[in-house]
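Reminder, nothing fancy here: chain letters follow the sequence lines and each chain counts from 1.
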Amino acid sequence: MPELPEVDTIRRELEKEIIGKKLKGVKVIKVRRRAKILMIDLANGSSLIFHLKLTGQLLFNSKPGKWSRAIFKFDDGTNLVFNDTRKFGWWKMVKDTSFIEKKFGPEPLDKNFTLKKFEEMLSQKGKSRIKPLLMDQTFIAGIGNIYSDEILFEAGISPLRRVESLKFEEMKKIFKAIKKILKKAIKNRGSSVEYYLDVYGRKGDYVRYHKVYHQKKCFRCGTKIEKIKLGGRSGHFCPKCQI
DNA sequence: CAATCGTCCTGCGGGC
DNA sequence: TGCCCGCAGGACGATT
């Protein structure tokens with residue numbers, strides 16, 4: 001559930017709170033995000049990295065509860081609590097994060113991720129269906145089930161479409177939708193569907209803008225939203241607005 | 001190469 | 001009321 005906008009919200013808030021603080025005597029110098037991974041860089045060259053998977057939460061200066069799996073204490077008495085109901089998430093201290101940089105596809109909001117680049121990437125993936133492809137972290141980083149649904153609604157493209165069937169204009173629509181939806185979701189501090197909270201324990205506001213994900217009727221035309229299974233995942237789309 | 005399935009784990013809601 | 005079942009969906013490895 002925490003996808004790019006949620007992890008980025010955590011990153012942005014966390015950097016305000018913990019840069020300059022010390023973790024076991026080592027200064028925090030940077031808080032970064034790559035794909036859905038959050039990285040806290042320390043002055044000794046190591047990084048504390050997290051993946052929240054489905055139900056992970058990182059709460060600043062919070063009290064540990066039933067689902068707390070780790071507590072990181074700073075030298076000034078503040079802390080960072082890692083909660084994770086379903087225990088899919090993980091954290092580790094690593095000496096080098098370059099393997100993370102290489103592992104994933106381009107960052108969708110990076111300036112280097114251009115329409116031309118996207119078109120080139122798509123040309124290698126002819127037979128793939130567009131929704132699972134958008135969720136493939138090695139293809140493009142940070143997009144999960146919620147935002148792939150919302151992006152394809154915005155673009156007016158069915159999640160079932162195969163890449164080879166997309167016209168250039170349709171690729172352009174998807175490209176624009178990726179940038180637009182992710183930026184707007186970041187602005188609204190992400191989507192709190194079930195478990196997601198920001199570092200202050202607040203819900204993200206983007207759910208109110210969801211147009212297909214977990215919706216019953218199409219925001220635009222009122223048609224019943226279709227729910228499908230795609231590669232074991234649920235997908236939501238309007239059969240009338242998304243071709 | 002693409003797609004599917006099982007796996008990790010827990011909570012919740014539907015159906016009876 | 002209670003019990004069982006299926007679903008939620010990120011990522012990975014094995015298999016088709």
Side-chain angles (χ1 to χ4, degrees), chain A residues 1-11 33-39 49-59 64-70 81-92 94 97 99-108 120-153 158-166 178 181-182 185 190-198 203-204 206-207 210-216 225-237:
Chain A
M1 250 167 275
E3 303 179 29
L4 185 154
E6 290 77 28
V7 182
D8 213 66
T9 300
I10 292 170
R11 184 203 62 75
R33 179 194 58 77
R34 173 78 171 109
K36 299 171 192 170
I37 294 185
L38 184 84
M39 300 182 266
I49 67 173
F50 296 86
H51 197 310
L52 303 178
K53 293 287 182 93
L54 302 179
T55 60
Q57 301 171 335
L58 270 177
L59 302 177
K66 189 183 175 187
W67 301 114
S68 299
R69 296 181 59 208
V81 176
F82 180 66
N83 294 332
D84 188 18
T85 310
R86 284 167 66 185
K87 301 180 181 172
F88 289 169
W90 51 260
W91 71 94
K92 53 186 156 183
V94 296
T97 58
F99 73 99
I100 293 168
E101 295 300 328
K102 288 178 217 152
K103 199 177 164 178
F104 300 107
E107 282 293 327
E120 281 167 16
M121 286 159 57
L122 287 173
S123 70
Q124 316 271 311
K125 291 284 179 183
K127 296 254 181 275
S128 298
R129 278 193 284 214
I130 188 65
K131 178 176 159 78
L133 187 61
L134 290 177
M135 293 168 65
D136 178 349
Q137 302 301 300
T138 65
F139 179 75
I140 185 170
I143 299 171
N145 211 29
I146 298 172
Y147 295 106
S148 57
D149 273 357
E150 294 300 317
I151 286 164
L152 290 171
F153 178 82
S158 163
L160 296 162
R161 285 282 291 280
R162 288 186 196 275
V163 169
E164 62 192 356
S165 78
L166 295 172
I178 290 171
I181 297 289
L182 294 178
S191 305
S192 289
V193 173
E194 283 182 76
Y195 295 86
Y196 170 72
L197 298 174
D198 72 4
K203 290 185 173 188
Y206 194 71
V207 177
H210 287 184
K211 298 200 169 92
V212 276
Y213 182 80
H214 283 189
Q215 304 300 304
K216 289 187 176 75
I225 293 299
E226 240 173 74
K227 198 170 171 184
I228 52 165
K229 276 274 176 198
L230 251 179
R233 291 284 104 83
S234 68
H236 312 76
F237 72 106

How close or far is atom [atom2] of [N] from atom [atom1] of [X], stated in whole angstroms?
| X | N | atom1 | atom2 | result |
| --- | --- | --- | --- | --- |
| A:F99 | C:dA11 | CZ | C1' | 14 Å |
| A:W90 | B:dT7 | CH2 | C1' | 18 Å |
| A:L133 | B:dC1 | CG | C1' | 13 Å |
| A:M135 | B:dA3 | CE | P | 13 Å |
| A:I146 | C:dA8 | CD1 | P | 12 Å |
| A:R162 | B:dA2 | CZ | P | 10 Å |
| A:E194 | B:dC12 | CD | C1' | 8 Å |
| A:I100 | C:dA11 | CD1 | C1' | 14 Å |

Hey, does [X] reach any base, or is it just sugar-phosphate, or nothing, if we go heavy atoms under 4.0 Å?
| X | answer |
| --- | --- |
| A:R69 | nothing |
| A:S234 | sugar-phosphate |
| A:Y195 | sugar-phosphate |

Are the ring centres of A:F82 and A:W91 closer than 6.0 Å? yes
Determine the interatomic distance between [atom1] on [N] and the same-named atom on [M]; round to the nearest Å.
| N | M | atom1 | answer |
| --- | --- | --- | --- |
| B:dG6 | C:dG6 | C1' | 15 Å |
| B:dC9 | C:dG2 | P | 28 Å |
| B:dC1 | C:dG10 | C1' | 22 Å |

Would you say a side-chain N or O of [X] is under 4.0 Å from OP1 or OP2 of [N]?
| X | N | value |
| --- | --- | --- |
| A:T85 | B:dG11 | no |
| A:K53 | B:dT10 | no |
| A:K87 | B:dT10 | yes |
| A:K229 | C:dA8 | yes |

Considering only [options], which nucleotide approaches the side chain of [X] most closely?
| X | options | value |
| --- | --- | --- |
| A:H214 | C:dA11, C:dA8, B:dA2 | C:dA8 |
| A:H51 | B:dA3, B:dG11, C:dG10 | C:dG10 |
| A:R129 | C:dA11, B:dT4, B:dG11 | B:dT4 |
| A:R233 | C:dA11, B:dG11, B:dA3 | C:dA11 |

Is there a Watson-Crick or G-U wobble partner for B:dC9 with both distances under 3.5 Å, and which nucleotide is it? none
If I compare all heavy atoms of [X] with all of [Y], which pair ends up nearest, and what's the gap?
| X | Y | result |
| --- | --- | --- |
| A:Q215 | A:H210 | CD-O, 3.6 Å |
| A:P106 | A:I140 | O-CG1, 3.6 Å |
| A:G56 | A:D84 | N-OD1, 3.4 Å |

Once salt bridge (Lys or Arg N to Asp or Glu O under 4.0 Å) is applied, do any residues pair with A:K131, and if so which ones, sequence neighbours excluded? A:D149
Contacts of A:E101 that satisfy salt bridge (Lys or Arg N to Asp or Glu O under 4.0 Å) - sequence neighbours left out: A:R32, A:R34
Are C:dA11 and A:F88 stacked, with the base six-membered ring and the side-chain ring centres under 5.5 Å apart and planes under 30°? no
The answer to which of A:R86 and A:I143 contacts DNA chain C further toward the 5' end, by nearest nucleotide, is A:R86
Toward the 5' end of DNA chain B, which comes first, A:G232 or A:K125, by nearest nucleotide? A:K125
